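Data first, discussion second: the structure below is written as structure tokens.
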There are 2 protein chains.
Amino acid sequence: MDSESDGKPKRLTRAEAKARTRRLLLDAAARTFARKGYAGASVEEIAEAAGYSIGALYSNFGGKEELFIELMVGGAKARVERGGQVFAAVEAGTEDPVTALGRFLMETSDKDDDLALLQAELWLYAMRNPGMRDRLAAAQRESREALEGVMEAVLARVGASGAVPAPAVATVASAMFQGLVRQRRLDPSSVPDDLLRQAMRWLFIGIANAPETPGPSEEDPS
Amino acid sequence: MDSESDGKPKRLTRAEAKARTRRLLLDAAARTFARKGYAGASVEEIAEAAGYSIGALYSNFGGKEELFIELMVGGAKARVERGGQVFAAVEAGTEDPVTALGRFLMETSDKDDDLALLQAELWLYAMRNPGMRDRLAAAQRESREALEGVMEAVLARVGASGAVPAPAVATVASAMFQGLVRQRRLDPSSVPDDLLRQAMRWLFIGIANAPETPGPSEEDPS
DNA sequence: GTCTATAAATAGATAGAC
DNA sequence: GTCTATCTATTTATAGAC
């Protein structure tokens, strides 16, 4: 509205202040949704956790649902970046790539207590909202593609390059990882530090030694 | 209170009627919690889905939370039974035990649409209620022990008996299974029918061919 | 035993002050 | 841009009729 150039030496422009508020609210929302669940978290709790009022929340977001959806798409970007980190960690390391992969995954999963909870909430929300299901599936495809690069590198090192499609391996490795993380959160004694690395070893050794993938009956032998 | 023997030719005794009502309410609760989530489901919806009123629900259960907890302990029993079924299916079948295992798991998971949703809800609830976390962990230990029998049988067939602790294998196989089921529910095209069987093959072949399990640094060499 | 009616608390969302 | 006050709907749980 004010077209005059005010030379006010403000530290933050209005746009910057708003962006900061949005970020704080999103962080608080991630924590709160993880700890209380989507339906269990109230907008009041979220605003309070961010240090703002309900009004500020509604001034920056359409409401509770929009907040949650923004976390879903934002989390997708974070996952792709994490995929790149895994790739870098595995490529750069001089050690056994499977060991590097296993340790990196276990470390990152132990670092963020809320991540597994929030992902479970996102999955449930996506399963119950068809439109969101497709969006989350697309987001996960992206992050899995980032993982495929790692898989190919690892497969090459164990001497099974091209023996098996990388997407399938990435899917299985990712499922194994997420399943073990959830089990570890529920009962840490049942999933020792080293089990993820060992499981990854078994998987890749198995792929390297598996005979020609004989179909259940037969599929396309091309 | 009425000590007189009333010879009323009722088809259901009071106790039987109450037991039936409880069962119908529990079934409805399982469906409703799976579809709407624990916090998202109202007692009114549950009672309605069971064909009763709110009053009947409160007459049979302490409330929403007690209903959910009964589902958790009831589900534990069901899991142990299912473990026995897996064992029977794998032992009885003349075919490759890994194929039998993979197919059995995929079939049972595709059969019940709500099961994976309800299990995710139970996990989240357990993660947020320490007392329930221990109870769910104990229940899962039981069902995993049932799986260990299957694992030993399969390991024996691939010639890796005793090479590796069965509990660890059961944990990894279970994690892989659950992770793939969730991924399949989210994006069926990313997890073809045969992938679970193939993943199980990779796992067991890997175990059979893995060298002496070299520790990350070293642990107890006993 | 089950139902209807209702109490008491809390939810998401909005309006207007500043 | 953010806060306070409030509206309306829905929630869990209970009380009393039948």
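Excluded from the calculations below are hydrogen atoms, water molecules and symmetry mates; all remaining heavy atoms, backbone and side chain alike, are included. Owing to the predicted nature of the structure, the values given are computational and were not obtained by experimental measurement. In the text below, chain A, chain B and the rest are named by the order of the sequence lines, each starting its count at 1.
Under the 30°/60° scheme for interplanar angles, the aromatic rings of F68(B) and Y125(B) are found to stand perpendicular.
In the model, S190(B) has a side-chain atom that pairs as donor or acceptor with a side-chain atom of Q183(B) under 3.5 Å.
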Let's go through R184(B) and D193(B) carefully: what are the C-alpha distance in whole Å and the side-chain angles of both, what is the deciding distance for salt bridge (charged side-chain N to carboxylate O under 4.0 Å, His left out) to 0.1 Å, and is it a yes or a no?
CA-CA 9 Å; R184(B) 185 175 162 92; D193(B) 285 9; 2.9 Å; yes
Close N or O pairs between protein and nucleotides 4-6 of chain D (under 3.5 Å):
none

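Qualifying salt bridge (charged side-chain N to carboxylate O under 4.0 Å, His left out) partners for D112(B), counting only residues two or more places apart in sequence or in other chains: none.
In this structure, T108(A) contributes its side chain and F104(A) its backbone to a donor-acceptor pair below 3.5 Å. W123(A) places a side-chain N or O within donor-acceptor distance of the main-chain N or O of R182(B), the cut-off being under 3.5 Å. Between the side chain of S109(B) and the backbone N or O of M106(B), at least one donor-acceptor pair lies under 3.5 Å. Formation of a donor-acceptor pair under 3.5 Å by the E70(A) side chain with backbone atoms of L67(A) is not found in this model.
Of the residues in residues 19-48 of chain A, those lying under 4.0 Å from DNA chain D by heavy-atom distance are T21(A). The stretch residues 58-69 of chain B touches DNA chain D through Y58(B), G63(B), K64(B), each having a heavy atom under 4.0 angstrom from the strand.
The environment of CZ in R135(B) is sparse: at most 12 heavy-atom neighbours from other residues, nucleotides or ligands sit within 6.0 Å. In this structure, E44(B) places its CD atom where only 12 or fewer heavy-atom neighbours from other residues, nucleotides or ligands lie under 6.0 Å away.
By the 4.0 Å N-to-carboxylate-O rule, E142(B) lies too far from K77(B) to be salt-bridged with it.
No cation-pi contact links K64(A) to F33(A), judged by a cut-off of 6.0 Å to the six-membered ring centre and 45° from its axis.
Checked options L57(B), N60(B), L26(B); the residue passing with T21(B) is N60(B) (criterion: side-chain contact (heavy atoms from CB on, under 4.5 Å)). For the side-chain contact (heavy atoms from CB on, under 4.5 Å) with F87(A), the qualifying choice from V150(A), L101(A), L147(A) is V150(A), the only one to do so.
Rounding to the nearest 0.5 Å places CG of L122(B) at 11.0 Å from CG of L117(B).
Paired regions of DNA chain C, where each region holds three or more successive Watson-Crick or G-U pairs whose two hydrogen-bonding distances fall under 3.5 Å, are C:1-10 with D:9-18, C:12-18 with D:1-7.
Read 5' to 3', the first and last nucleotides of DNA chain C with an atom closer than 4.0 Å to a heavy atom of chain B are dG1(C) to dT4(C).
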